[in-house]
Number of protein chains: 2
Amino acid sequence: MESGRHRPRAGYELPLLLFAGFRTLIDGVHAELARQGHPDARPAHGFALQAIGPDGAAASDIARRLGISKQAAGKTVDRLVALGYAERSDDPADARRRLVRLTARGRDVLARSAAIFDTLRADWAAVLGEERLRALEDDLRAVTVPGAFRLDAAGWIGGTS
Amino acid sequence: MESGRHRPRAGYELPLLLFAGFRTLIDGVHAELARQGHPDARPAHGFALQAIGPDGAAASDIARRLGISKQAAGKTVDRLVALGYAERSDDPADARRRLVRLTARGRDVLARSAAIFDTLRADWAAVLGEERLRALEDDLRAVTVPGAFRLDAAGWIGGTS
DNA sequence: TCAGATGGTAAACCAGGTTGACCTTTCTGG
DNA sequence: CCAGAAAGGTCAACCTGGTTTACCATCTGA
């Protein structure tokens with residue numbers, strides 16, 4: 001593999017670059033969402049709304065999908081409800097469960113996010129070329145375990161500032 | 001650029017892949033650090049220790065380098081001191097400043113982190129090939145602004161669990 | 001039928017951020 | 001030279017997104 005032809009690269013740069021890329025996309029999406037009528041949407045909300053899904057879910061389902069405790073999921077749902085992105089209703093089939101469903105506004109922010117992510121990806125493709133961007137995606141898939149999407153313990157990425 | 005030859009890819013996957021890569025590296029480094037005698041090191045500590053640097057720094061310097069408030073930097077320094085990674089001393093040249101310096105243990109964790117990041121990068125290179133990993137790094141540099149390393153508002157990456 | 005699994009909530013806590021207010025010390029310009 | 005601005009630091013209150021422990025209500029199956 002012909003190593004040694006170039007100056008070796010420091011390993012600590014890799015996480016910084018990955019994070020910078022992630023952060024660039026996330027910040028971009030939220031800047032645009034704010035412009036499109038969703039100034040209060042935060043990164044964590046998107047993940048949670050995604051975890052709820054079109055058919056709704058119980059708080060404990062959300063907790064499992066996100067890899068966090070059910071209490072944390074419950075608090076997040078509280079915030080989504082307060083922001084008008086989700087609503088809670090009783091489950092007629094199981095009196096313990098409280099079904100969380102997306103509101104129209106919740107579906108709206110999700111649809112807009114998806115569209116914005118597509119245009120941001122297109123921006124990257126315009127710089128790198130589609131082939132190279134695909135290679136980047138494929139390579140990342142190759143070195144990560146699929147379960148690395150867990151969201152525990154994180155305030156994440158700005159948003160307040 | 002011959003697009004259209006493949007199925008289009010959803011834009012929302014890109015941030016997930018970047019994050020998964022970042023998280024894989026960070027988790028890997030901290031798992032290994034824990035094995036090497038640093039079980040209490042957390043991702044935020046590494047960034048802060050890096051910001052202190054070999055010559056020491058004032059809290060407000062750290063704040064500027066990390067893109068956070070000086071109060072937040074002060075609290076982080078408190079934790080580094082409590083963990084034995086840093087120490088505070090008065091600056092004889094300026095009675096307002098309190099110079100923060102790395103302890104031997106702080107230098108140790110930093111050196112170990114760098115070594116572990118190098119081996120993790122080598123693992124990736126073994127899977128992807130050095131050329132392709134370089135391409136990935138170069139591409140990320142091309143699509144991110146250098147300032148995207150800011151660390152504000154984040155509990156980051158697990159570590160508790 | 002009843003013991004255990006499951007769903008949900010409450011309370012206390014933590015880490016890592018934020019603002020605002022304030023004091024001390026240094027720098028600077030009239 | 002000295003007054004006021006700028007810079008360093010800390011305190012206090014607060015926010016968000018997590019955690020653990022404890023507990024109650026409901027469902028399920030041997």
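Side chains included, hydrogens not; waters and symmetry mates left out as well; all remaining heavy atoms used. Model, not experiment: these values are computed from the prediction. By convention in this document, chain letters (A, B, ...) are assigned in the order of the sequence lines, proteins followed by strands, and residues within each chain are numbered from 1.
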Taking the minimum atom-to-atom distance to the side chain of A/Lys75, which one of D/dG18, C/dG7, C/dA15 wins?
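Looking only at side-chain atoms, A/Lys75 lies closest to D/dG18.
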
Between the main-chain N or O of B/Ala51 and the side-chain N or O of B/Arg65, is there a donor-acceptor pair closer than 3.5 Å?
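Indeed, once roles are kept as given, a pair shorter than 3.5 Å links the two residues.
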
Strictly distance-based, threshold 3.5 Å: is any side-chain N or O of B/Asp61 a donor or acceptor partner for the main-chain N or O of B/Ala58?
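Between the backbone of B/Ala58 and the side chain of B/Asp61 there is a qualifying donor-acceptor contact (under 3.5 Å).
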
Send over the distance from [X] [atom1] to [N] [atom2], rounded to a whole Å.
{"X": "A/Lys70", "N": "D/dG17", "atom1": "NZ", "atom2": "C1'", "value": "18 Å"}
{"X": "B/Ile68", "N": "D/dC15", "atom1": "CD1", "atom2": "C1'", "value": "16 Å"}
{"X": "B/Phe47", "N": "C/dA15", "atom1": "CZ", "atom2": "C1'", "value": "15 Å"}
{"X": "A/Leu66", "N": "D/dT19", "atom1": "CG", "atom2": "C1'", "value": "15 Å"}
{"X": "B/Arg79", "N": "C/dC13", "atom1": "CZ", "atom2": "P", "value": "16 Å"}
{"X": "A/Asp78", "N": "C/dA10", "atom1": "CG", "atom2": "C1'", "value": "12 Å"}
{"X": "B/Asp61", "N": "D/dA6", "atom1": "CG", "atom2": "P", "value": "19 Å"}
{"X": "B/Asp40", "N": "C/dG16", "atom1": "CG", "atom2": "P", "value": "11 Å"}

Hey, is B/Glu32 close enough to B/Arg112 for a salt bridge, meaning N to O under 4.0 Å?
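A salt bridge is absent here (no side-chain N lies under 4.0 Å from a carboxylate O).
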
Test: A/Asp118 and A/Arg121 ion pair at under 4.0 Å:
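Result for this pair is no, no salt bridge flagged.
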
Could you verify whether a donor N or O on one side chain and an acceptor N or O on the other, from B/Asp40 and B/His45, lie under 3.5 Å apart?
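No pair is found: no donor N or O on one side chain lies under 3.5 Å from an acceptor on the other.
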
When you check the side-chain N and O atoms of A/Arg101 and A/Ser89, is any donor under 3.5 Å from an acceptor?
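Yes, A/Ser89 and A/Arg101 have a side-chain donor paired with an acceptor closer than 3.5 Å.
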
What pairs with A/Thr119 under side-chain hydrogen bond (donor to acceptor under 3.5 Å, both in side chains), at least two apart in sequence or on another chain?
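Once residues adjacent in sequence are excluded, A/Thr119 has no partner under the side-chain hydrogen bond (donor to acceptor under 3.5 Å, both in side chains) criterion.
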
So what does A/Ala72 touch, heavy atoms closer than 4.0 Å: a base, only the sugar-phosphate, or nothing?
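Base contact - A/Ala72 has a heavy atom under 4.0 Å of at least one base atom.
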
base_contact_polar (D/dG17 base, A/Gln71 side chain, donor-acceptor, <3.5 Å):
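No, no donor-acceptor pair under 3.5 Å.
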
With a 4.0 Å heavy-atom cut-off, tell me which residues in residues 83-102 of chain A come close to DNA chain D, sorted by residue number.
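Hits under 4.0 Å, by residue number: A/Asp94, A/Ala95, A/Arg96.
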
Residue whose closest nucleotide on DNA chain D lies nearer the 5' end, B/Ala58 versus A/Ser69:
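Nearest nucleotide further toward 5': that of B/Ala58.
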
Please determine if a side-chain N or O atom of A/Thr76 lies less than 4.0 Å away from the OP1 or OP2 oxygen of D/dT16.
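No, because none of the side-chain N or O atoms of A/Thr76 sits under 4.0 Å from OP1 or OP2 of D/dT16.
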
